[in-house]
Amino acid sequence: MQEIIDIINKANYEYYTLDKPTLTDQEYDRYMQELIKLEEKYPELKQDNSPTVRVGGTVIDEFVKVKHEIPMLSLSNVFNESDIIAFDEKVRKEVKNPVYVCELKIDGLSVSLLYKEGKLIRGATRGDGVTGEDITHNVKTIKEIPLTLKEPISIEVRGEIYMSKHSFEALNELRKERNEELLANPRNAAAGSVRQLNSKIAASRNLSNFIYHLPNAMEYNISSHYEALNYMKKLGFTTNANTKRVNGITELLEYINYWTENRHNLPYEIDGIVIKLDDINKQKELGFTSKYPKWATAYKFPAMEVLTKLKEIKFTVGRTGQVTPNAILEPVRLAGSVISKATLHNEDYVKMKDIRVGDIVSIIKAGDVIPRVEKAITERRTGEELPFEMTSICPICNSNLIKKDAAYYCKNPLCDAKKIEGLIHFVSRDAMNIEGFGENIIEDFYNMGYLRTIPDFYTLYNKKEELMELEGFGEKSINNLLDSIKNSKQNSLDKLLFALGIRYVGSKTAKILAHHYKNIDSIINTTYEELTSIKDIGEKIAESIINYFKDEENLSTIQKLKELNLNMDILSEEIKMNVEFENKTFVLTGSLENITRDEATQLIEKNGGKTSSSVSKNTSAVIVGTNPGSKYDKAISLNIPIWTEQEFLEKIN
């Protein structure tokens, strides 16, 4: 048995790590079958790390939480050449002539592997970076992960579990034959596979793995990241053959440009390039921010463009009643996910771009997040395409629409779609922040009659027993939901104002109103003239506020919320006027390292200033984090003062 195990382990090492197999598939299978038979005959001699565990069979009840002794931090992101150059310049301030290691950023799931005396004892997910989940039973099914190392040492290594394009296509083909829902992309397929309780499922998915990090390399007398990769390969781990050590920014950019052009030829998905300083001593000198290592970053590929057919244009209704056209597309994979729908914004957008039903259209992901119909490919037209016509009636309640500016609105106050969207908005994070309500839950509760108006949220506790009988809800989840609703009663006035969904009143305007009027009754009783006298409250906003509080149904909603003991007053800390911020406007751009953007905004407001989303001649200063965008360039062109994050924090004191 031991002889066969040694032969199989050697074959795995030659095949996956060295890419130089000496056994044929038939020979490998024959040895494996012989080992299985011997283990069945002599079960007391079966080893915990036998190669036969690759076929799976272990079933666990639940995932056990695992604490990482060394946190698994994520990386900061850069998006263009100037960002990469800025990263290099920061490193060069501390390191003379830095050498980098460039690696393909595999689109999969991070894993930590722990070995004791050369034997694999644990595999764990990254989790939140401090605590992950034990997935050892599934990790053992992945052939690239050695169960026994070439040396009997204790070590932790980190890598990426992924699914190859071929395995993904084969899996979806099988699911199609079984009439099962197709998986969206290889990354999601890999993540779902390693989180199966039954390891036979993970084994059937043909997962793969690359190892890319030795977190405590210096304990093994290793002083460079590249040396660490070679050492891990020597131990039997599979590292990526396309990793390269580069000298300086020119070679670094050449590597990135090459793989940006050639990534589609790889047998697996990548979503960028990881750049790491090679010298581990220098890594320690540079250190970390609260979130990221300063000696590494990840370049994310630019948005990709794909072509697909626009099959249909459907109309949806938002909370304000605005009716929006949406493109229904032939499903197409774009930047790692399947796209079947994209917004068309409004009538003017569709007509300006002459987008027609039946067109072959170009789809891009704006910022690699939101799919957008960029243009119609007019040279591919057959003559059967149908010109766009904006609907004149609400797609939900059939009421006639009215046009205001470039948009069309359903004015029926009883329209179900508007009500549902209004309820979804009410619980959202920037509004009342009631956790536990997804869009589908609110729609289900609406259709079941539990939620019809905003005050209904605050009487749901009367339906607790009924709610607990619903599929997918237990006592704990319902209690959490009701607790979150109860806690929201203490929110400040500005949260409530934004949550009510008053047209043109965003979260920033809601804060201005709350700070000026202090309580809701003062806003109800205000005048158009007083509103327009407030800085940043224009005529449209003022008119909308007056009309909202004239409506008897809206006033009735406010009264019911008062009776349900919702707070109606401003609950803000006293603003301390700071000469650096008082009555000044600031723009934030880039990623801040020590605080979040929301925290920075709150600090500015507490010191008498305000923030804006765009740079203009009225901007007092632009606060710049890492990877700033076009706002930084505009600030330079307008000669507007630029503050670093550190300068900003010093001025805030």
Side-chain angles (χ1 to χ4, degrees), residues 71-108 110 126 129 157-160 162 210-215 217 222-233 239-263 266 268-303 335-336 367-368 590-593 625-629:
M72 293 181 71
L73 296 180
S74 55
L75 296 177
S76 61
N77 292 322
V78 293
F79 298 95
N80 51 49
E81 189 172 305
S82 61
D83 289 347
I84 299 166
I85 293 169
F87 167 76
D88 177 59
E89 287 174 349
K90 281 189 177 181
V91 172
R92 284 178 184 276
K93 287 180 180 177
E94 307 293 333
V95 181
K96 189 176 180 181
N97 300 322
V99 174
Y100 298 107
V101 176
C102 292
E103 304 171 44
L104 303 183
K105 188 173 181 295
I106 311 299
D107 199 8
S110 296
R126 177 182 177 276
V157 299
R158 290 167 181 179
E160 196 83 359
Y162 68 95
F210 285 123
I211 295 300
Y212 59 72
H213 185 53
L214 179 57
I222 294 170
S223 59
S224 97
H225 175 61
Y226 199 72
E227 287 174 24
L229 291 173
N230 288 331
Y231 176 63
M232 291 187 288
K233 183 176 179 179
T239 56
N240 193 289
N242 298 303
T243 298
K244 186 177 181 182
R245 187 152 48 179
V246 300
N247 290 293
I249 191 70
T250 302
E251 288 185 22
L252 193 159
L253 292 173
E254 284 173 358
Y255 180 94
I256 287 174
N257 291 335
Y258 176 83
W259 285 111
T260 300
E261 294 297 321
N262 292 280
R263 67 188 193 268
L266 291 164
Y268 43 80
E269 299 275 8
I270 65 173
D271 58 354
I273 303 295
V274 175
I275 307 159
K276 297 175 183 173
L277 183 65
D278 190 35
D279 189 318
I280 293 174
N281 284 303
K282 297 298 183 184
Q283 289 180 5
K284 291 189 174 297
E285 286 179 21
L286 284 172
F288 300 81
T289 69
S290 59
K291 297 179 183 177
Y292 312 117
K294 294 180 180 179
W295 43 266
T297 193
Y299 167 73
K300 301 298 288 287
F301 290 130
D368 266 357
S591 301
L592 301 178
E593 296 181 352
T626 56
N627 314 323

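As the structure is a computational prediction, the values presented were derived from the model and not from experiment. Excluded from the calculations below are hydrogen atoms, water molecules and symmetry mates; all remaining heavy atoms, backbone and side chain alike, are included. Position 1 is the first residue of the sequence, and the numbers go up from there.
- With rounding to the nearest 0.5 angstrom, the CH2 atom of W259 is 12.0 Å from the SG atom of C102.
- In this structure, L73 and Y292 have side chains that are not in contact, with every pair of non-hydrogen atoms separated by 4.5 Å or more.
- When all heavy atoms are compared, the tightest approach of K294 to F288 is CE-O, 3.8 Å.
- Taking the side chain as every heavy atom from C-beta outward, N240 and L104 approach each other to under 4.5 Å.
- In this structure, the separation between CZ on R245 and CG on L252 is 14.0 Å, given to the nearest 0.5 Å.
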For side chain to side chain contact (heavy atoms under 4.5 Å, CB included), just list the numbers for L266 and N242, CA-CA rounded to whole Å, side-chain angles, deciding distance to a tenth of an Å, and then say yes or no.
CA-CA 10 Å; L266 291 164; N242 298 303; 3.9 Å; yes
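- Salt-bridge check for K276 with E103: passed, with a basic side-chain N closer than 4.0 Å to an acidic carboxylate O.
- Nearest heavy-atom pair across P293 and S74 is CD-O, 3.4 Å.
- Nearest heavy atom pair, residue I222 against residue A228, reads CG2-N, 3.6 Å.
- The two residues G248 and R92 come nearest to each other via the heavy atoms CA-NH2, 3.7 Å.
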Step by step, would you call I249 with L253 a side chain to side chain contact (heavy atoms under 4.5 Å, CB included)?
CA-CA 6 Å; I249 191 70; L253 292 173; 4.0 Å; yes
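- A donor-acceptor pair is defined here as one N or O able to donate and one able to accept, closer than 3.5 Å; such a pair exists between the side chain of Q283 and the backbone of L277.
- Between W295 and L286, the shortest heavy-atom contact is CB-CD1, 3.8 Å.
- Put simply, the side chain of D107 does not reach to within 4.5 Å of the side chain of Y162, judged on heavy atoms.
- Between atom OG1 of residue T297 and atom CD1 of residue I273 there is a gap of 12.0 Å, rounded to the nearest 0.5 Å.
- Close placement of the Y268 and F210 rings is indicated, their centers lying within 6.0 Å of each other.
- Here the closest non-hydrogen pair linking L592 and G625 is CD2-CA, 4.0 Å.
- In this structure, the side chain of D278 engages the main chain of H225 through a donor-acceptor pair within 3.5 Å.
- Here the side chains of V274 and L75 are in contact, with some heavy-atom distance below 4.5 Å.
- Note that OH of Y299 and CD1 of I256 are 6.5 Å apart. Values are rounded to the nearest 0.5 Å.
- One finds the OG1 atom of T243 at 5.5 Å from the OH atom of Y255 (value rounded to the nearest 0.5 Å).
- Residue R158 holds its CZ atom at 5.0 Å from CE of M72, rounded to the nearest 0.5 Å.
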Is there a side chain to side chain contact (heavy atoms under 4.5 Å, CB included) between L229 and K233 once you walk through the steps?
CA-CA 6 Å; L229 291 173; K233 183 176 179 179; over 6 Å; no
Going through the distances and angles, do S110 and E160 end up as a side chain to side chain contact (heavy atoms under 4.5 Å, CB included)?
CA-CA 5 Å; S110 296; E160 196 83 359; 3.3 Å; yes
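- Residues D279 and Y100 have side chains that never bring a donor and an acceptor to within less than 3.5 angstrom of each other.
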